Amino acid sequence: MSSPSKRRDMDVMKLMMSDYTVETINDGITEFNVEFHGPKESPYEGGVWKIRVELPDAYPYKSPSIGFLNKIFHPNVDELSGSVCLDVINQSWSPMFDLLNVFEVFLPQLLLYPNPSDPLNGDAASLMMKDKNQYEQKVKEYCERYAKKENLVGAPKDESDSDEEISEEEYSGRSDSDDEVVGHADP
């Protein structure tokens with residue numbers, strides 16, 4: 001079996017060569033963001049999220065840390081931190097899984113089949129159990145408000161020339177400097 005670092009390199013390269021947009025952090029491959037689209041035929045369809053992935057030194061023997069950077073209304077995702085309550089990732093992880101499994105199987109399954117009996121977001125779980133239609137409406141509202149590609153932190157601009165893009169510091173409420181220039185420089 002290859003060493004964990006070779007496996008980590010191979011899994012990250014496989015993810016980068018797939019259809020997912022991967023943005024490395026600090027020019028390394030242990031921390032990166034991945035653009036993730038909500039599964040079709042679900043209330044999350046049309047939503048685009050930036051997912052933060054952190055790989056531990058012992059990856060693939062230890063699971064990656066996964067979190068949503070933009071808001072999502074879901075019983076098993078903490079609304080404030082974006083932390084994911086996902087049994088396969090958090091407890092049942094196996095070195096047989098790779099990063100593509102996370103984005104092609106685990107996260108879509110989480111969004112398609114929420115578990116309101118093990119919530120990180122009690123409001124979402126309660127609403128889902130009481131009124132499924134109202135829950136799905138609120139999911140769609142969150143998708144419209146927080147999960148559009150043009151609003152992703154650091155998302156490349158397509159045709160839209162909106163000034164609504166926010167920096168990671170603004171999104172998280174942190175700012176290291178008050179003299180940061182907001183907006184884009186003219187080419």
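Fair warning: this is a prediction, and the values are worked out from it, not measured in the lab.
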Supply the atom-to-atom distance Asp57 CG to Lys62 NZ, rounded to the nearest 0.5 angstrom. 9.0 Å
So, the side chain of Asn121 versus the backbone of Asp78: is there a donor-acceptor pair under 3.5 Å, distance only? no
Test side chain to side chain contact (heavy atoms under 4.5 Å, CB included) applied to Glu23 and Glu35, step by step: CA-CA 9 Å; Glu23 170 189 294; Glu35 189 177 291; over 6 Å; no
Return the set of residues passing side chain to side chain contact (heavy atoms under 4.5 Å, CB included) with Gln134 (not counting sequence neighbours), or none when no residue passes. Leu127, Asp131
Is the shortest side-chain heavy-atom distance between Leu69 and Asn33 below 4.5 Å? yes
Value rounded to 0.5 Å, distance of CG in Leu99 from CE in Met10: 10.0 Å
Residues Asn101 and Met96: closest non-hydrogen pair is OD1-O, 4.2 Å
State, with a plain yes or no, whether a side-chain heavy atom of Thr30 is found less than 4.5 Å away from one of Arg8. yes
From Lys6 NZ over to Asp11 CG, what is the distance, rounded to the nearest 0.5 angstrom? 14.5 Å
Shortest non-hydrogen contact from Val139 to Phe73? CG2-O, 3.5 Å
Proximity of Phe106 and Phe97 rings by center, below 6.0 Å: yes
Interatomic spacing from CG in Asp9 to CG in Leu55 - rounded to 0.5 Å: 10.0 Å
Among Ile29, Leu15, Ile66, side-chain contact (heavy atoms from CB on, under 4.5 Å) partner for Val53: Ile66
Show the numbers, then the answer: is there a side chain to side chain contact (heavy atoms under 4.5 Å, CB included) between Arg7 and Asp98? CA-CA 9 Å; Arg7 167 67 190 274; Asp98 66 15; 3.7 Å; yes
Classify the angle between the aromatic ring planes of Phe68 and Trp49 as parallel (below 30°), tilted (30 to 60°) or perpendicular (above 60°). perpendicular
Between Pro75 and Pro116 the two heavy atoms that sit nearest each other are CB-CA, 4.1 Å
Stepwise side chain to side chain contact (heavy atoms under 4.5 Å, CB included) check, Phe103 with Val22: CA-CA 12 Å; Phe103 291 96; Val22 179; over 6 Å; no
Are a donor atom and an acceptor atom from the side chains of Gln137 and Tyr142 found within less than 3.5 Å of each other? no
Taking atom CD of Glu79 and atom NZ of Lys71, what is their separation to the nearest 0.5 Å? 5.0 Å
Would you call Arg145 and Glu141 a salt bridge, taking side-chain N to carboxylate O under 4.0 Å as the test? no
Using 30° and 60° as the class boundaries, would you call the ring planes of Tyr59 and Trp93 parallel, tilted or perpendicular? tilted
Please report the closest heavy-atom contact between Val102 and Pro64, naming both atoms and the distance. CG2-CG, 4.4 Å
Are Met128 and Pro114 side-chain neighbours, meaning at least one heavy-atom pair lies under 4.5 Å? yes
State plainly whether one hydrophobic cluster holds both Phe36 and Leu112, where clusters connect Ile, Leu, Val, Met, Phe, Trp and Tyr through side-chain heavy atoms under 4.5 angstrom apart. no
If I compare all heavy atoms of Pro119 with all of Asn76, which pair ends up nearest, and what's the gap? CA-ND2, 4.2 Å
Aromatic ring proximity Tyr44/His37, centre distance under 6.0 Å: no
How many angstroms lie between CE in Met129 and OG in Ser117, if you round to the nearest 0.5 Å? 7.5 Å
Does any N or O in the side chain of Asn70 come within less than 3.5 Å of the main-chain N or O of Gly82, such that one atom is a donor and the other an acceptor? no
Qualifying residues under side chain to side chain contact (heavy atoms under 4.5 Å, CB included), relative to Met13, sequence neighbours excluded: Met16
Side chain to side chain contact (heavy atoms under 4.5 Å, CB included), that's the test. Do Ile72 and Val77 meet it? Break it down for me. CA-CA 7 Å; Ile72 184 170; Val77 179; 3.5 Å; yes
Taking side chain to side chain contact (heavy atoms under 4.5 Å, CB included) as the test, write out the residues that go with Ser126, two or more places apart. Lys130
When you measure from the side chain of Glu144 to the backbone of Lys140, do you find a donor-acceptor pair of N or O atoms at a distance under 3.5 Å? no
If you measure from the Lys or Arg side-chain nitrogens to the Asp or Glu carboxylate oxygens, is any gap between Arg52 and Glu31 under 4.0 Å? yes
Indicate the atoms forming the closest heavy-atom contact of Leu110 with His74, along with that distance. O-NE2, 2.8 Å
